[in-house]
Amino acid sequence: MNKFFPLLCLGILVACHDCMGQEKETVDWEAEYQKLLKTSPAIKAKIISGQTTRKDIILWLQKNKKGFEEKNKINAGKTVVGKKASPAEDGSFQKKLEDMVRMGKITAKEAADLAGALSQSQEKLSEKGKNRTPAPTSGNLGEGKSGSAPPEEKKEKVDWQAAYEKLMENPAARQKVLDSGATREQVIQFLKNRKSGGEQPQSGQKRNRTGSRKGSFRFYALVIGRLKSRDIELGEMELDVDYVISQRTKLNGDLKGKRVKLVGISGKFRDSLLKLKIGDTVKVRTGDFNPQTGILGFGYKFHVLEKTEPFQPADFGIPPNEFRGFVGTLTVKIMEANGFVLLLDAESVEPVATSRASDPASIQGGRIRIGGFFDKHKNAFEEFKKGDRIRVSVVHRNRESDSLTVGDLLTVLPAK
């Protein structure tokens with residue numbers, strides 16, 4: 001269908017409205033817009049497909065405001081002697097449609113849709129004029145009253161269909177809804193929940209001086225779990241936790257096996273959330289934890305949110321018991337660098353005298369995780385990429401932790 005067809009349809013319908021008589025009134029553009037959607041399947045199809053928007057249509061209608069104001073000069077439902085016949089009555093509208101079909105500007109079906117739209121519009125305008133009730137005046141508001149409506153009459157009635165369409169006018173929001181696979185009913189339900197008080201602070205909510213959200217403490221952790229639900233607009237998701245890697249070993253154990261909520265996902269990571277499917281195994285880095293609500297906060301420093309393979313300890317660099325307590329130097333190959341943490345394949349091991357590992361060589365050929373690069377070697381970390389080889393000093397101070405801490409030595413080695 002020609003991309004200019006929606007505007008052409010609007011132009012024809014507006015011209016026809018000029019000939020319809022009603023008493024003078026202020027134009028309700030939302031009502032005119034809804035009327036067009038109901039009476040013109042072609043225009044509604046353009047809206048649904050995203051080829052035009054509610055805003056574009058209302059702007060077009062407003063440009064033809066003069067015609068809408070003049071259409072109300074004659075009271076609806078009355079017959080006026082000598083009144084000029086409308087285009088629908090004198091056949092000029094049908095002739096114009098036939099000419100457009102002949103010139104190939106519209107199809108025969110589109111012409112039929114327009115003719116039907118005009119007919120229905122005339123009928124509804126006539127009914128509206130017959131059923132019109134006079135506007136209240138100061139005389140019928142009651143003596144001594146301010147004239148304002150009672151509180152219960154002021155209660156806002158939300159047009160959820162219009163709210164949905166307004167949301168879909170935003171190209172980014174429309175794309176996110178389409179990518180998420182959410183239905184119109186699901187989106188409207190989300191809007192209703194938010195209106196009724198279910199709305200929560202967006203990802204930019206204020207944090208306290210510790211860098212955490214209100215009521216939370218810092219909790220820098222890597223959480224691995226299976227996605228159970230997600231809310232793209234709010235930047236939230238729920239996970240069934242398989243494993244947690246952090247320095248807070250007790251909390252790691254408490255969260256393992258539980259379903260947790262994570263909030264505060266923002267920016268480009270909302271796009272990452274869009275790509276995930278329910279049931280995917282996800283790894284995400286957190287920044288804080290609220291013990292009262294049990295809610296995790298997305299790591300505002302260490303942004304990690306992506307799909308991963310189902311959890312296996314060795315794949316995530318969980319060290320064997322024989323390696324715990326290690327102090328020394330490792331020669332390693334970088335497998336993953338994000339969140340200022342490295343996941344590494346261990347090539348060789350050089351323990352020092354203070355090492356407490358019972359079998360340092362147990363990590364050789366396996367994977368290990370090293371953190372602490374935000375405080376040390378931050379600039380070097382930003383240059384790392386998968387496949388780089390480095391020689392690095394590390395210490396495993398807490399045997400219960402699954403991550404080692406980087407030391408002072410860091411040397412980039414040539415590739416093999």
Side-chain angles (χ1 to χ4, degrees), residues 207 210-212 217-224 243-249 251-252 264 266-269 272 282-289 296-306 308 313-319 323-352 354-355 357 360 363-364 366-415:
R207 301 185 176 100
T210 66
S212 304
F217 57 76
R218 283 180 176 172
F219 183 51
Y220 299 147
L222 185 70
V223 178
I224 302 101
Y243 206 81
V244 181
I245 302 173
S246 81
Q247 299 298 326
R248 295 179 179 267
T249 54
L251 183 52
N252 296 348
S266 60
K268 65 179 182 180
F269 293 96
S272 300
V282 178
K283 59 180 176 181
V284 58
R285 190 160 290 280
T286 67
D288 53 77
F289 177 71
L296 294 165
F298 187 55
Y300 65 96
K301 286 184 181 178
F302 314 116
H303 288 168
V304 177
L305 174 59
E306 58 189 51
T308 188
D315 294 340
F316 286 87
I318 309 302
F323 185 73
R324 293 176 181 269
F326 176 84
V327 181
T329 304
L330 300 175
T331 298
V332 291
K333 181 180 180 180
I334 297 175
M335 301 308 296
E336 185 179 278
N338 54 37
F340 293 98
V341 175
L342 292 178
L343 181 63
L344 309 150
D345 279 351
E347 296 179 358
S348 65
V349 185
E350 304 169 47
V352 298
T354 56
S355 176
I363 198 62
Q364 211 161 321
R367 288 190 172 178
I368 194 67
R369 186 176 297 273
I370 302 176
F373 287 90
F374 185 77
D375 299 315
K376 291 184 178 181
H377 315 296
K378 179 179 178 181
N379 293 335
F381 182 92
E382 292 174 348
E383 300 297 323
F384 289 152
K385 59 183 182 298
K386 183 177 180 179
D388 286 349
R389 296 178 65 246
I390 60 173
R391 187 167 178 265
V392 59
S393 60
V394 295
V395 58
H396 195 201
R397 296 186 179 91
N398 181 359
R399 291 175 60 87
E400 301 301 319
S401 170
D402 295 316
S403 180
L404 283 69
T405 302
V406 64
D408 293 330
L409 175 67
L410 177 60
T411 306
V412 178
L413 302 175

*Asks:* Would you call R218-D288 a salt bridge at under 4.0 Å N-O?
*Replies:*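 Salt bridge: no.
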
*Asks:* For the residue pair P319 and D402, establish whether any side-chain heavy-atom pair is separated by less than 4.5 Å.
*Replies:* yes

*Asks:* Give the minimum heavy-atom separation between G371 and V341, together with the two atoms involved.
*Replies:*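 Nearest pair, atom of G371 first, then V341: CA-CG2, 4.1 Å.
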
*Asks:* If you take all heavy atoms of T354 and V327, which pair is closest and at what distance?
*Replies:*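 Closest heavy-atom pair between T354 and V327: OG1-CG1, 3.9 Å.
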
*Asks:* Has S246 got a side-chain atom pairing as donor or acceptor with A221's backbone, closer than 3.5 angstrom?
*Replies:* no

*Asks:* Output the distance between atom CG (L330) and atom CZ (F323), rounded to the nearest 0.5 Å.
*Replies:* 5.0 Å

*Asks:* Give me the ring orientation class for F384 and F381: parallel if the planes are under 30° apart, tilted from 30 to 60°, perpendicular past 60°.
*Replies:* perpendicular

*Asks:* In terms of side-chain geometry, is the basic nitrogen of K376 or D408 positioned less than 4.0 Å from the acidic oxygen of its partner?
*Replies:* yes

*Asks:* Kindly assign one of parallel, tilted or perpendicular to the pair F340 and F374, based on the angle between their ring planes and the thresholds 30° and 60°.
*Replies:*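 Ring orientation of F340 relative to F374: perpendicular.
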
*Asks:* What is the distance from atom CZ of R369 to atom OG1 of T405, rounded to the nearest 0.5 Å?
*Replies:*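 That separation rounds to 13.0 Å.
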
*Asks:* Check the pair V392 / V332 against side chain to side chain contact (heavy atoms under 4.5 Å, CB included), numbers first and verdict last.
*Replies:* CA-CA 8 Å; V392 59; V332 291; 4.3 Å; yes

*Asks:* Mind running ring pair (Phe, Tyr, Trp, His ring centres under 6.0 Å) on F316 and Y243 for me, showing each step along the way?
*Replies:* CA-CA 10 Å; F316 286 87; Y243 206 81; 8.3 Å; no

*Asks:* Can you tell me how far apart CG (L342) and CG (L404) are? Round to the nearest 0.5 Å.
*Replies:*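 L342 atom CG to L404 atom CG measures 11.5 Å (nearest 0.5 Å).
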
*Asks:* Is a donor on one side and an acceptor on the other found under 3.5 Å between the side chain of H396 and the backbone of S401?
*Replies:* yes

*Asks:* May I ask you to decide whether D345 forms a salt bridge with R389, counting only side-chain N to carboxylate O separations under 4.0 Å?
*Replies:* no

*Asks:* How close do L410 and A380 get, heavy atom to heavy atom, and via which atoms?
*Replies:*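 What the structure gives for the nearest pair is CD2-CB, 3.9 Å.
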
*Asks:* Is there a side chain to side chain contact (heavy atoms under 4.5 Å, CB included) between M335 and K386 once you walk through the steps?
*Replies:* CA-CA 5 Å; M335 301 308 296; K386 183 177 180 179; 4.0 Å; yes

*Asks:* Apply side chain to side chain contact (heavy atoms under 4.5 Å, CB included) to D388 and V412, showing your working.
*Replies:* CA-CA 8 Å; D388 286 349; V412 178; 5.6 Å; no

*Asks:* Kindly say whether F219 contributes a backbone atom to a donor-acceptor pair with the side chain of T286 at under 3.5 angstrom?
*Replies:* yes

*Asks:* Could you give the distance from CG (L413) to CD (E347), rounded to the nearest 0.5 Å?
*Replies:* 8.0 Å

*Asks:* So how far is it from L409 CG to E350 CD, rounded to the nearest 0.5 Å?
*Replies:*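 Here the rounded value is 9.0 Å.
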
*Asks:* Can you tell me how far the CD1 atom of I363 sits from the CD1 atom of I368, to the nearest 0.5 Å?
*Replies:*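 If we round to the nearest 0.5 Å, I363:CD1 and I368:CD1 are 4.0 Å apart.
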
*Asks:* Looking at every heavy atom in both I245 and I224, which two are closest together, and how far apart are they?
*Replies:*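 Minimum heavy-atom separation between I245 and I224: CD1-CD1, 4.4 Å.
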
